[in-house]
Amino acid sequence: MLSNFKTLKYFFIEHKWAYILGVVWLIFVDILQLILPEILRSFTDGLQANIVGRTEIIRYGVYVLIIGFLLAFFRFLWRIFIIGTSKKLEFELRNKLFSHLLKLSTNYFNKSKTGDLMAHATNDINAVRMALGPGIVMVVDAVFITVIATIMMFLTTDVRLTLLALFPLPFLALASGRFGKIINQRFRKVQESFSSLTETVQENLSGIRVVKTFVQENKEVEKFAQKNQNVFNKQMHLIKIFGIFQPLIMAISSLSYLIVIVYGGTLVINRDISLGDFIAFNSYLALLIWPMMAAGWVVNILQRGSASMARINTILDVEPEIVDREDAVSIENPRGNIRFINTSFKFPDTDEYALENFSLDIPPGSNIGVIGRTGSGKSTVASLLLHLFEAQEGEIQIDGLPIEKIKIESLRKHIGYVDQDSFLFSTTIADNIAFGVDEASREEVQRVAKIAQVHENILDFPEGYETFVGERGVTLSGGQKQRISIARALIKDPQILILDDSLSAVDTDTEEKILAHLEKEMEEKTSILIAHRISTIKDCDKIIVLDDGKILEEGTHDELLKNKNLYFELYEKQLLEEEITKED
Ligand SMILES: Nc1ncnc2c1ncn2[C@@H]1O[C@H](COP(=O)(O)OP(=O)(O)OP(=O)(O)O)[C@@H](O)[C@H]1O
């Protein structure tokens, strides 16, 4: 069970003194707690023997006060040392997990559910912290107090009374262990049902337009009510078990007190033990109840922490699929000559080629248009060039160097990629545009926004470039998002620019303007324009038509029209559509 925590060995070594001192302070607290029954014993016996006067009472009062202060002080210390360190562990583990996740290849995220990854980052890390903070405290407390209190009971009072009084306590540990497990399970069910409920709320709120246009409000409210009912049921389930657990614990500990009252009382009457012994014995017993419960709980806490750590380890053990080769080099000032040589590629766990025998030479400074039906492999060309995936056959070169030999960071630095989704972060427009560079002046941000034809739009927003995007700010249209994404790619001043269907939501007039500006901006550079619309690519130096992962045709717009093949078909269809729209 403990082997799962091996990953954290470095942390324990680094913070060993915090843990050691924390345990020392904890033991101080325990010792101070164990002194109290002795003070009570001598005070009660002194009272009975009439040897405690007013000054004695004050003296005992001062003892108790000092112990009280010391207890508070050392409790504060162990909390800072042990619980504080476990919070630090949580902090470091969270950072480690996040930075590891960002290193993993995109394919990993295609296979993993975001919800699960979020759960690892919250529930699992918390469970590990519980095990290595409160868990450690419980172990130390349980062992130390149980051993010392039991020894003191045996040594200072009656052996038979001790044995009888302690008899029910193991059942306490057993009950808390059993119930702890069930409580844990039920608590997890509550959490699961609650996260499912939150997911529903989140989906409905972000997809509110779909819900409304499909008039699904009532159905969604009903769905929510069902999930809410489920949360309620799970909570009741949990409360019921608590309802049984707490009285049971009380009953078992009362049994010990019953034995002490009946048998201990008799011993006092028979003068086998003093009244002070009786009082001290009761105090020791009270001290024992918590460690006994803790002994049961701690097993669950450690087990849960260990299982959570194992899940986190599984993620930490995942190696990025695409890493720099040892002989990989950085490329400075590439010219942007791209060559695909007989490249064939299948996505992991698929049987079909997404690209097959794909060969293409893109000279530096030229622009290439890629068109084809949906699913024909257009975006795959971009993914391979960005080295997000590795082709199984053939080679992809930049300036004659296979991309496997180029450092990934260096390769991607020189490529400006505008993806299909035009994903923007919840920050200001200016920050979104400057995302890919360390620093950018306002002039530079505006310059690229002007090329992308979005500057005027941005100025119309309430706070211009400082306007927040997304939930906290303005809702952008699809076309605005696309143009901001284009500006974001341009600010990197890339030698290679890839627009992956990035003008689809822009009207043809604006598209023309953007393309004209891009032509100037990318004069000496290489561009790949992936599109569905002929208008986007018709002026490209070369156009390739993809069909089912293969190049079906290639040439200029005019050449392809003459071919009277798929390109011509698409052209005719789009021309017809345009005419119909104009007539409308
Ligand atoms: N991550 C992936 N895992 C498995 N298969 C994938 C993955 N991404 C794409 N595919 C498959 O590979 C094929 C080519 O996809 P690709 O995204 O390149 O097409 P596309 O021409 O860009 O399509 P669209 O015009 O709709 O964007 C499709 O059959 C698609 O289902």
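Quick caveat: nothing in here was measured; it's all calculated off a predicted structure. Both ligands and their constituent atoms are indexed starting at 1 by order of listing.
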Residue pair Ser86 / Leu132: nearest heavy atoms and the distance that separates them: CB-O, 3.8 Å

Salt bridge present between Glu569 and Arg373 (N-O < 4.0 angstrom): yes

Pair Asp351 + Lys346: basic N to acidic O under 4.0 Å: no

Can you pull out the closest protein heavy atom to [atom]? Residue, atom name and distance to 0.1 Å, please.
atom: atom 13 (C) of ligand 1; result: Gly375 O, 3.8 Å
atom: atom 1 (N) of ligand 1; result: Asn110 ND2, 3.2 Å
atom: atom 9 (C) of ligand 1; result: Phe347 CE1, 3.3 Å

Close approach, Gly372 and ligand 1, non-hydrogen under 4.0 angstrom: no

Flag yes if more than 12 heavy atoms outside [X] fall under 6.0 Å of its [atom1] atom; otherwise flag no.
X: Asp507; atom1: CG; value: yes
X: Phe109; atom1: CZ; value: yes
X: Tyr108; atom1: OH; value: yes

[X]: numbered ligand 1 atoms lying under 4.0 Å from its heavy atoms:
X: Ser379; value: 17 (O), 18 (O), 20 (P), 22 (O), 27 (O)
X: Thr350; value: 4 (C)
X: Lys378; value: 18 (O), 19 (O), 20 (P), 21 (O), 22 (O), 23 (O), 24 (P), 25 (O)

Is ligand 1 under 4.0 Å from a heavy atom in the side chain of [X], in the backbone, in both, or in neither?
X: Thr380; answer: both
X: His532; answer: side chain
X: Thr374; answer: both

Looking only at distance, does [X] have an N or O less than 3.5 Å from an N or O of ligand 1?
X: Gly377; value: yes
X: Gln420; value: yes
X: Pro348; value: no

4.0 Å protein heavy-atom contact status of atom 31 (O) of ligand 1, strictly under: no

Ring centre gap for Tyr10 and Phe12 strictly below 6.0 Å: no

Aromatic contact, Phe345 with Tyr353 (centres under 6.0 Å): no

Side-chain H-bond candidate by donor/acceptor type, Asn357 with Ser344, under 3.5 Å: no

